Amino acid sequence: MKSENAIADKSKIFALRIIRLYKYLRNEKNEYVLSRQILRSGTSIGANVKEAVRGQTKPDFYAKLNVALKEASETEYWLELLHESEFISHEAYESIYLDCQEIIKILVSITKTQKPNYDKEN
């Protein structure tokens, strides 16, 4: 599964963790609302990164990475709610939350370096 693109790899691994979390929440905790929200946003990160990598223009690349960043921020919020409402343990939360924050930091870094290129084309 390893590729030349670190953010693509990390976001895919993260999506797989989110899918496992979703299954746990549904099967073990009988939680149906938050689990769907986090499944949607947590898997959307990687999908948007994948679209960005295949983007036809630099503005398209930048726009898709910004969507991925927004989805990562939303996922961070759902993780906080799941933890604070005690659906997931502190240990489980810490692990996946740190992964989410790492993805956010990478996406912020990429979008900051791409923004000047995007602005020049518009």
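On a predicted model such as this, the values are computed, not experimentally measured, just so you know. The figures that follow rest on heavy atoms only: side chains count, while hydrogens, waters and symmetry mates do not.
Inter-residue side-chain proximity for Thr43 and Phe14 is flagged as unmet; no heavy-atom pair is nearer than 4.5 Å. Taking the side chain as every heavy atom from C-beta outward, Leu98 and Gln101 approach each other to under 4.5 Å. Looking at heavy atoms from C-beta onward, Phe61 lies in side-chain contact with Ile110 at the 4.5 angstrom threshold. Side-chain contact between Ile96 and Ile18 is present, with heavy atoms from C-beta onward closer than 4.5 Å. Under the 4.5 Å side-chain criterion, counting only non-hydrogen atoms from C-beta, Ile104 is not in contact with Leu107.
Pairs engaging residues 67-90 under the salt bridge (charged side-chain N to carboxylate O under 4.0 Å, His left out) rule: Arg40-Glu71, Arg40-Glu74 [sequence neighbours left out].
In terms of heavy-atom proximity, Val49 sits nearest to Ala8 at CG1-CA, 3.8 Å. When all heavy atoms of Ser11 and Ile45 are compared, the pair lying nearest together is CB-CG2, 4.0 Å. The minimum heavy-atom distance linking Leu34 with Ser85 is given by the pair CD1-OG, 4.5 Å. Of all heavy-atom pairs spanning Cys100 and Ala72, the tightest one is SG-O, 3.4 Å. Contact record, Tyr62 with Thr111: CE1-O, 3.4 Å, taken as the closest heavy-atom pair.
For Glu51, the side chain to side chain donor-acceptor pair (under 3.5 Å) partners are Lys64, not counting sequence neighbours. Under the side chain to side chain donor-acceptor pair (under 3.5 Å) criterion, Ser95 pairs with Arg17, not counting sequence neighbours. Looking at residues two or more places apart in sequence or on another chain, you find no salt bridge (Lys or Arg N to Asp or Glu O under 4.0 Å) involving Glu31. Shown here are the side chain to side chain donor-acceptor pair (under 3.5 Å) partners of Thr75, two or more places apart in sequence or in another chain: Ser41.
In this structure, CG on Leu81 lies 10.0 Å from CD on Gln37, to the nearest 0.5 angstrom. Atoms CH2 and CD1, on Trp78 and Ile38 in that order, are 9.0 Å from each other to the nearest 0.5 Å. To the nearest 0.5 angstrom, Leu79 atom CG is 5.5 Å from Ile88 atom CD1.
The aromatic rings of His83 and Tyr93 sit parallel, their planes meeting at an angle under 30°, below the 60° perpendicular limit.
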Residues 22-30 side chain polar contacts: donor-acceptor under 3.5 Å, at least two apart:
| residue | atom | partner | partner atom | Å |
| --- | --- | --- | --- | --- |
| Tyr22 | OH | Arg26 | NH1 | 2.6 |
| Asn27 | ND2 | Lys23 | O | 3.3 |

